[in-house]
**Q** 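Starting off with a structure, shown below.
Every chain is numbered from 1, with letters handed out A, B, ... down the list of sequences. Everything quoted here is computed from the prediction, not taken from an experiment.
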2 protein chains.
Amino acid sequence: MTQDAFSKTLITTASDQVFVDMRREIVEGSIEQGSKISEPELAKRYGVSRATLREALNRLESCYLIERKANVGCRVVALTAERLIEVYQVRSALEGLACRLAADNMAADEVQSLKQLLNQHLQTQRVKEGESYYQEAGDLDFHYRIIKASKNEHLIHLLSNGLYQLIRMYRVQMGMVGPRVSKAFDEHLAIINAIENHDGELAELLMKRHISASQSNIQAKFDRYQSM
Amino acid sequence: MTQDAFSKTLITTASDQVFVDMRREIVEGSIEQGSKISEPELAKRYGVSRATLREALNRLESCYLIERKANVGCRVVALTAERLIEVYQVRSALEGLACRLAADNMAADEVQSLKQLLNQHLQTQRVKEGESYYQEAGDLDFHYRIIKASKNEHLIHLLSNGLYQLIRMYRVQMGMVGPRVSKAFDEHLAIINAIENHDGELAELLMKRHISASQSNIQAKFDRYQSM
DNA sequence: TTCTTTAAGATTGTCGACAATTTGTGGTTA
DNA sequence: TAACCACAAATTGTCGACAATCTTAAAGAA
């Protein structure tokens, strides 16, 4: 899988490595959602001490991938329909804000670069039809750039380090890969235009609508998944 | 100081205690903003091992009160004008959402209870004029109830455990105590009315405006503080 | 049988010590 | 003088072991 912009984490220490590895395994489902986590077992598996593992667990907790209870232990987050709605409500508000700020702040060359990304994205799409990871990474990169362009460090952190891994987890495990391609492209284009015109209000509205559509899409998959 | 609803944390372990204690000291300024944190020193001061202290530091990091760099250490967050703006932009978006959801979800008796809180709040205000903590706690409780009424657990967690301690830190250390009392009361009342009428759109707008006013207020204090 | 109690097992919380890395200081060289 | 390097001190990262707590399963009472 090609790595998306959200997943790039500077790895310095052993616990960084464990954190990144576990994050990937949880998001991709290798470590099953809702399952209990045994500290001794995982420490052995990653070849580190429990202290190091616990450091990683702490960080996984702050990005909402695991939940802890004192004297009881950790559990991987469970993907429920309710949580999906909650997360997307929050995402909509935050990314709407990011998009409005981006419309205010983004320089002309940044907008051009974003347009270029979108075109490139479309090309890849046509050539590699069916290979979903490119699209997934592409979509994420688009959102990432806009979030970055908000220039609001707190907001950037909240979305990149906090929310997006959980969103990815839903998308990956629901098998969100193909269908919404061309439609999402048009929506992205409309958002860029609003940003280019520095129309923050419109940009925010379009982004919220875009995310709302994404939510409906994933929710439909979720319902199908549930009824199997 | 009377404790506000946001600060109530269930204390089970030693690191819970250290976490709550340090949080209070950082918010109130006993541990100076921007100062470096020495793990051995603080561990000794709280009478716990470094492992326990580090557990607490991890949690302080996830509520944005300290910042860590690998192999370098922790530093208490620095209260800057830029960060204040960033935090309030995020707060406005999230609490606006919370308020809209509350307007959709809140039951009649919950609304009554909220009205009652506001009245009680006003009484206390008149009696204890000058004693600022009541007001501070009262205002926070008002916001807390609305956030809770959103019924969105993710949003609740994001605001209560994530953002509000940092907001409190600004308010406490800037000495936000007295002046905006009666005006804030009217704004609170208008918000309740919108919620009672289940007018989510209006409730969101009013809450955002209320927070925006709060921001201007605190920012003015900040500028005065800076120029001293 | 069903509910409560109790004890054994397993898991998490905490500790002190060691290893790895960074920081500060002093000396050397251009 | 200024820049660079080397070394020492201090700090953070990591480890294995012990203490406190929870879970489970067996034994006993209603």
**Q** Would you say NZ of A:Lys69 has more than 12 non-hydrogen atoms from neighbouring residues, nucleotides or ligands within 6.0 angstrom?
**A** no
**Q** For the residue pair B:Asn58 / A:Arg59, report whether a side-chain donor-acceptor contact shorter than 3.5 Å exists.
**A**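 Absent: no donor and acceptor within the cut-off.
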**Q** Taking NZ, NE, NH1 and NH2 as the nitrogens, is one of them in A:Asp21 or A:Arg45 under 4.0 Å from a carboxylate oxygen of the other?
**A**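 Looking at A:Asp21 and A:Arg45, the cut-off is not met.
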**Q** Walk along nucleotides 9-15 of chain C from 5' to 3' and tag each nucleotide B, S or - by protein heavy-atom contact under 4.0 Å, base first, then sugar-phosphate.
**A** ---BBBB
**Q** Under a plain distance cut-off of 3.5 Å, with no hydrogens placed, do B:Glu95 and B:Tyr164 share a side-chain donor-acceptor pair?
**A**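 Short answer, yes.
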**Q** Only pairs under 3.5 Å count here: list side-chain donor-acceptor contacts from residues 102-109 of chain A, not counting sequence neighbours, and write none if there are none.
**A**
unit_1: A:Asn105; atom_1: ND2; unit_2: A:Leu101; atom_2: O; d: 3.3
unit_1: A:Asn105; atom_1: ND2; unit_2: A:Ser150; atom_2: O; d: 3.1

